[in-house]
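Scroll down for the structure; my scribbles are underneath it.
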Amino acid sequence: MRIIALFVISFMLIVNFASADETISTEIAAKAVNATVLIAVEKGEESSGFGSGVIVSPSGLVLTNYHVIHRADKIKVFFYNPEDNNYYIASVIGIDPVADLALLQMKVDEDMLPLDFLLIESEDWTVAEPVMAIGHPMGIQWTVSLGHIASTVRTGRVTPYVSTLQHSAEIHQGNSGGPLINAAGDVVGINTYLLMPEKKQWSGIAYAIRGDIIEYSLDKMLTEQEGPVKYPAFRLNIRGLNEHGVEWIKENHPGQIVPENIFGMIVLEVDDEGWAAKHGIKVFDVLVAIDGEPVNNMLDVKNVVMEGDYKAGQKVHLLIIRRGHFRKIEYELTHIDFENYLEFYDTSMREREMPSRPPPTAE
């Protein structure tokens with residue numbers, strides 16, 4: 001989110017073509033632009049900033065990034081409409097700091113309804129599929145950029161439980177919270193961060209919260225009326241087991257038995273007073289299955305937990321390898337610590353940075 005002292009609305013449509021063979025029709029683009037809004041926030045007397053958002057219902061529900069509206073005192077929403085220079089106040093309906101999403105409700109006149117809105121595509125994405133990003137990069141309002149999906153299975157920067165699409169449609173600060181659409185005009189992602197080299201030039205690598213995560217979060221924000229969206233978690237500091245990790249453990253912990261030629265998730269650290277220790281986990285345990293489903297990496301863990309719709313307080317059976325022996329442990333799930341993520345966003349906003357991976361360990 002880019003901080004600005006003076007905010008002037010102008011109406012322009014800039015198209016940045018990534019390549020000649022990427023085709024999304026101008027009709028689709030026009031509809032998506034009409035459903036994309038500019039979000040200006042006020043924090044205190046002097047601090048202000050802006051980002052992007054997308055209307056997802058005819059009544060004026062707006063999705064954006066949580067970091068766009070983090071600790072905002074006042075939220076203003078502007079439409080892409082040369083005949084309407086007014087702003088409309090929005091209230092926060094729900095927040096999901098873990099997925100970096102927030103849901104707003106605009107207060108508009110009845111005669112403005114129904115509003116143009118976009119649907120969420122929660123199932124179908126393809127590598128090399130053309131996509132379009134819409135937002136306000138560096139304050140250049142309602143800019144459209146074309147690109148393609150580079151990967152459909154990237155884990156999020158905030159937590160591996162959140163899936164993102166990697167894409168090549170150019171985005172910058174100001175695009176945060178804006179839609180990434182497909183050729184049908186549906187939202188396949190919400191743009192949230194990019195990789196930026198030291199000289200802060202466009203790297204060609206951008207990320208958007210994936211459609212299925214958006215749908216999950218949106219449903220929770222609409223149905224869970226109190227507090228942020230809660231994600232189930234193990235509260236384990238675990239990492240993927242590989243040959244390099246095995247060698248490191250042998251060198252630094254002589255005599256420790258670690259399975260070789262086996263994938264899985266290894267526990268590297270256990271707080272004696274923490275959740276994992278109280279539920280039977282020890283350092284160097286290797287997790288290989290959850291309720292009978294094999295887990296070779298963190299993506300497998302995420303898929304088992306999220307697709308199984310597990311809840312905090314629910315008990316699962318973990319299959320682990322401990323000192324060369326297979327063991328089964330009954331383990332109670334908890335939820336991701338919300339406060340850690342608030343601290344992360346506080347730091348990011350003070351440093352005027354787009355979010356990157358925060359201090360919390362793998363959950």
Side-chain angles (χ1 to χ4, degrees), residues 65-66 96-101 120-125 127 149-167 188-190 192-193 207-221 224 228-242 245 262-269 275-276 279 281 285-320 329 331-338 340-341 344 355-363:
N65 281 150
Y66 172 76
D96 185 352
V98 175
D100 194 12
L101 293 172
I120 309 297
E121 174 51 70
S122 61
E123 296 181 356
D124 187 22
W125 323 276
V127 171
I149 293 176
S151 173
T152 62
V153 291
R154 300 300 187 207
T155 54
R157 294 281 283 182
V158 174
T159 171
Y161 281 4
V162 172
S163 299
T164 65
L165 298 175
Q166 178 190 333
H167 66 87
V188 294
I190 296 293
T192 186
Y193 69 95
Y207 296 88
I209 304 301
R210 206 171 67 184
D212 56 336
I213 300 296
I214 298 171
E215 186 175 67
Y216 174 89
S217 178
L218 181 59
D219 177 69
K220 298 298 183 185
M221 287 190 284
E224 296 180 2
V229 174
K230 292 182 174 62
Y231 286 78
F234 290 91
R235 295 278 177 89
L236 294 175
N237 185 353
I238 54 179
R239 297 291 183 270
L241 182 66
N242 54 46
I262 290 178
F263 291 98
M265 303 299 296
I266 189 166
V267 179
L268 295 181
E269 188 177 323
W275 184 270
H279 288 77
I281 295 295
D285 284 350
V286 177
L287 174 64
V288 293
I290 302 170
D291 279 347
E293 293 293 329
V295 288
N296 293 298
N297 49 50
M298 198 62 207
L299 182 61
D300 289 341
V301 174
K302 173 258 179 188
N303 287 340
V304 170
V305 174
M306 298 298 290
E307 292 175 8
D309 198 25
Y310 286 91
K311 304 289 192 303
Q314 187 171 344
K315 292 183 178 179
V316 297
H317 289 96
L318 306 183
L319 182 63
I320 65 168
I329 294 178
Y331 193 90
E332 182 180 345
L333 295 175
T334 180
H335 56 79
I336 293 177
D337 189 349
F338 172 63
N340 282 345
Y341 290 88
F344 158 66
S356 57
R357 189 178 298 278
T361 59
E363 300 277 3

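Closest of all the heavy-atom pairs between Val162 and Ile213 is CG1-CG2, 4.0 Å. The shortest non-hydrogen separation linking Leu101 to Ile209 is CD1-CG2, 4.1 Å. The two residues Asp212 and Ser122 make their nearest non-hydrogen contact at CB-O, 3.4 Å. In this structure, Val301 and Met265 approach most closely via the heavy-atom pair CG2-CG, 4.0 Å. What you find for Ala233 and His335 is that their closest heavy atoms are CB-C, 3.8 Å. Residues Tyr331 and Ala276 approach most closely at OH-CA, 3.5 Å, considering heavy atoms.
Aromatic pair Phe234/Tyr310: centroids not less than 6.0 angstrom apart.
Here the CE atom belonging to Met221 is positioned 9.5 Å from the CD1 atom belonging to Ile214, to the nearest 0.5 angstrom. Here Thr192 contributes atom OG1 and Leu165 contributes atom CG; the two are 12.0 Å apart, rounded to the nearest 0.5 Å. To the nearest 0.5 Å, the span separating CZ on Arg239 from CD1 on Ile266 amounts to 11.5 Å. To the nearest 0.5 Å, the span separating NE2 on His167 from CD1 on Ile149 amounts to 9.0 Å. Atom CG of Leu236 is separated from atom OG1 of Thr334 by 11.0 Å, given to the nearest 0.5 angstrom. Atoms CZ and CD1, from Arg235 and Ile336 in turn, are 8.5 Å apart once rounded to the nearest 0.5 Å.
In this structure, the side chain of Asp300 engages the main chain of Asn296 through a donor-acceptor pair within 3.5 Å. Side chain of Trp275 to main chain of Glu332: a donor-acceptor pair is present (N/O by atom type, distance under 3.5 Å, no hydrogens or angles). Looking only at distances, no side-chain donor or acceptor of Asn237 sits under 3.5 Å from a matching main-chain atom of Leu268. Side chain of Glu307 to backbone of Asp309: no donor-acceptor contact under 3.5 angstrom is found.
Residues Val304 and Val316 fail the side-chain proximity criterion, which asks for heavy atoms closer than 4.5 Å. Considering only heavy atoms from C-beta on, Val127 comes within 4.5 Å of Thr152 through its side chain. Taking 4.5 Å as the limit, every side-chain heavy atom of Thr164 sits out of range of all side-chain heavy atoms of Arg210. The shortest distance between side-chain heavy atoms of Ile329 and His279 does not fall below 4.5 Å. Contact annotation: the side chain of Tyr207 never approaches that of Ser151 to less than 4.5 Å [non-hydrogen atoms, C-beta and beyond]. In this structure, the side chains of Val98 and Tyr66 stay at 4.5 Å or more apart for every pair of heavy atoms. With a 4.5 Å cut-off on side-chain heavy atoms, Met298 and Ile238 count as touching.
For Glu269, the CD atom sits in a loose shell: 12 or fewer heavy atoms of surrounding residues, nucleotides or ligands are nearer than 6.0 Å.
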Apply side-chain contact (heavy atoms from CB on, under 4.5 Å) to the pair Asn65 and Ile190, showing each step before the final yes or no. CA-CA 8 Å; Asn65 281 150; Ile190 296 293; 3.7 Å; yes

